[in-house]
Amino acid sequence: MSKLQQFPLSKGWSFRDSEDTSEDAWMPAPVIPSVVHQDLQANNKLKDPYIGFNELEARWVNEKSWTYKTVFQKPAAPVGSCVVLAFDGLDTFAKVKLDGNVILESDNMFLAHRVDVTKALEAEGDHVLEIDFDCAFLRAKELRKQDPEHNWASFNGDPSRLSVRKAQYHWGWDWGPVLMTAGIWREVRLEVYSARVADLWTEVQLASDHQSARVTALAEVESVNSGSHKACFTLSLHGQEIAREEISVTENGTAKVTFDVKEPSLWWPHGYGEATLYEVSVSLRREQEELHRVSKKFGIRTAEVIQQPDKHGKSFFFRINGVDIFCGGSCWIPADNLLPSITAERYRKWIELMVHGRQVMIRVWGGGSYEDNSFYDACDELGVMVWQDFMFGCGNYPTWPNLLESIRKESVYNVRRLRHHPSIVIWVGNNEDYQVQEQAGLTYNYEDKDPESWLKTDFPARYIYEKLLPEVVQEFCPSTFYHPGSPWGDGKITSDPTVGDMHQWNVWHGTQEKYQIFDTLGGRFNSEFGMEAFPHMSTINYFVENEADKYPQSHVLDFHNKADGHERRIATYLVENLRTATDLETHIYLTQVVQAETMMFGYRGWRRQWGDERHCGGALLWQLNDCWPTISWAIVDYFLRPKPAFYAVARVLNPIAVGVRREHHDWSVTHAQPPKTSKFELWVASSRQQEVQGTVELRFLSVNTGLEVRERIVHENVSIVPNGTTNLIVDGLIDHKVHSEPHVLAARIWVDGQLMARDVDWPQPFKYLDLSDRGLEVKKVSESEDEQTLLISTQKPVKCLVFEEREGVRVSDSAMDIVPGDDQRVTIKGLKPNDAPLKYKFLGQ
């Protein structure tokens, strides 16, 4: 018998271009996991592809095959034990040889592999492990050629990508470079054991009154020899053991116990309660000796997607532990093009930022990868719900028998790997593949329920999303909801706003609507929408090497914006709304103002609709993050520097948020004629579970003088509807003959004497306003070792006061509107007493 031992093979590797067989072609690969771009950079054979035009100079790497090699000694293996080579991820076409013999061939980046090498390692001395990575770029093209009958319809990247189970964004996307990675992208190790716990998971049943829960813990055991094993299960909460049971492992290698938990502590999304995690452990024993121990954290909670007929069509929203939750959040793309470079700490910083921004859901998009365990651990611990796409994006995927078999293995492996995470509340079949079907005119008859017939149509990928994947989820994670695609709604057209989720791209893409009407364009759940903005100047400085290139339309800046037609789209939204600028810093800021306003108009209106029979169940902006330093739809850039939109969204997602808005007047259609009158609305949105009493004030302030132009409106002792919307004014009227000068509508709400939230509605467009000479004052009022408080006041209304984003410094708020008589405080953490104060900008400065 032997206790399981692990020996990571992380050091001592070398690699070379597979075609160069000379002995001096080998270069050291500093540490595994890695991909070839990282190793080439470490050997000064490749410039950083994220800087300047270096991506083009790195394109040669995309068309090469690579070989990795290491030499190791056989670990001590007691009699009756086996030795296994475990690969957690090989990218992508990999042929693994041990001492010259092929022991594994893989063509799926998303799979792990285990190879028993006990016999292969019988000889003493050195053993050579060699892995040939064939070129995925060229292999994909060959595979496409082999099936000319298939309709290779797709958006983004070379359509041949659809034939390969590799992160699809590696072929390039409208926010990322073409970097075809290859290598040992997740851990590789040797394991020695006589028996091991191959899997551990829980099935949780929570009583409807939440006063008890039944936790079934299941273990799958793999042993080398026959013989009796015991499995000792323990259940713990906050490090304290609360239950224990030991049973015998069955002959077919399973062990199962049930714990009854009284008054369980539930897992909640942040803002709704504690994200409580229990821990289940199993100790595998034989004759009192522990052979292997595995622990996993899980949550006790229910998660439902509520789809029921109502006056708007059919609902689509999430209910956690019986509580309806408006899912304000973001879509997630991989945080790097070179995936092994993302550390657990970096993942956690991203999710901490989401919590700071009051976002409760992240959508793992289907063109990237099933993320590292540490990503989901952070979501579990911090209370962020995960919408998990399967890895299919923007294409009509082929369904060859061997490809379907690979997809089945991939989905089984990843569902089993991730099913214990309470943060994952939905599995979704793909990203926009049904939109590709519509745009390419592929066959889709929702009434046809025969999966075999789907395979014979020109849209065979339907078989993956409506048969293969739901079967896997049902078998291995039956308590989690499955949705065939994003967007998708009961087989209706994907732009149908009455059912399912939708991707609303008629702001920016499509018909390029005014962002001020964004909320009128939404559906039952808005799982994608966005607006581009430049990152901060510090990020631009990283990838633009020459000062001469630091102007808004420079070649290198355009190169770092991969979005089709980005020049005309950015220009359109700027010129419609703002006075444009030629210097880069002001141009950056103006694009950020547009993005912040766009996100605010969308989120604010959709959150208000939540209170109207759950008309809108959630809004996930495209996108939270970037995979390289770039200009994109991200609201936080590659270096984790939030753009102003991040703060605008956080304010709208306040637990209690006040909203004020005058009706949209389309100045471009009326040739800039102002309206004679305007209607306005005032409301409060609340995610609190209990009714509260509040006071709401609305002031009308001149943009030019800062003085009140009409009597303020005050609503006292307002009963704020719990988890919904309280409409206070729906048909207010502004007579512009009486109030001819432009003015803002400034709203505030107090609960229990505490100021809870603000909102300011501005006359549109901003380009017609004179916003100079504001009388703004930013004063430091307190300071400690690493925290400062600023007091901000003004004589005239200020639009979008944005603070500099600095490494290791976090501001409590930014992108703020400041009005006279309403001083605001901002806390700055991480700024030392002797550090230079943060710079700031505001519109019209």
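For reference, positions follow the sequence shown, starting with 1. Any value given below was found using the heavy atoms of this structure, including those in side chains, with hydrogens, waters and symmetry copies removed.
Between the side chain of W427 and the backbone N or O of P470, no donor-acceptor pair lies under 3.5 Å. Between the E528 side chain and the M502 main chain, no donor and acceptor come within less than 3.5 Å of each other. In this structure, the side chain of Q623 engages the main chain of N625 through a donor-acceptor pair within 3.5 Å.
In this structure, R346 fails the cation-pi test against W350, since its NZ or CZ atom is not both closer than 6.0 Å to the six-membered ring centre and inside 45 degrees of the ring normal. Cation-pi contact between R319 and F317: absent, since separation from the ring centre below 6.0 Å together with deviation from the ring axis within 45° is not met.
Contact check on K314 versus D490 returns a salt bridge, with a Lys/Arg side-chain nitrogen under 4.0 Å from an Asp/Glu carboxylate oxygen. A salt bridge is absent between D199 and R417; no separation between the charged side-chain nitrogens and carboxylate oxygens falls under 4.0 Å. Ion pair R363/D389 flagged as a salt bridge, since at least one NZ, NE, NH1 or NH2 atom sits closer than 4.0 Å to an Asp/Glu carboxylate oxygen. A salt bridge is absent between K297 and D380; no separation between the charged side-chain nitrogens and carboxylate oxygens falls under 4.0 Å. In this structure, R214 does not pair ionically with E203, as no charged nitrogen and carboxylate oxygen lie closer than 4.0 Å. In summary, E279 and K296 do not engage in a salt bridge, as defined by a charged side-chain N under 4.0 Å from a carboxylate O. Using a 4.0 Å cut-off between charged side-chain N and carboxylate O, R651 and D759 make no salt bridge.
A donor-acceptor contact closer than 3.5 angstrom is absent between the side chains of E432 and S486. Side-chain contact annotation: Y465 with D433, donor-acceptor N/O pair under 3.5 Å present.
Using a 30° and 60° split on the angle between ring planes, F529 and F518 fall in the perpendicular class, above 60°. Between H509 and W633, the ring-plane angle classifies as tilted under the 30° and 60° cut-offs. Ring orientation note: the planes of F316 and F318 are nearly perpendicular, at an angle over 60° on the 30°/60° scale. The aromatic rings of F392 and Y397 lie perpendicular to each other, with more than 60° between the two planes, well past the 30° mark.
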I'd like to know whether D310 forms a salt bridge (charged side-chain N to carboxylate O under 4.0 Å, His left out) with R614, so could you lay out the CA-CA distance, the side-chain angles of the two residues, the decisive distance to 0.1 Å, and finally the verdict.
CA-CA 9 Å; D310 60 21; R614 308 294 183 243; over 6 Å; no

What's the verdict on ring pair (Phe, Tyr, Trp, His ring centres under 6.0 Å) for W365 and W173, showing C-alpha distance, side-chain angles and the deciding distance?
CA-CA 13 Å; W365 167 78; W173 222 260; 5.1 Å; yes

Taking only distance into account, with no hydrogens and no angle test, what donor-acceptor pairs under 3.5 Å do side-chain atoms of residues 236-245 form with protein atoms, sequence neighbours excluded?
unit_1	atom_1	unit_2	atom_2	d
E241	OE1	R244	NH2	3.0
E241	OE2	R244	NE	3.0

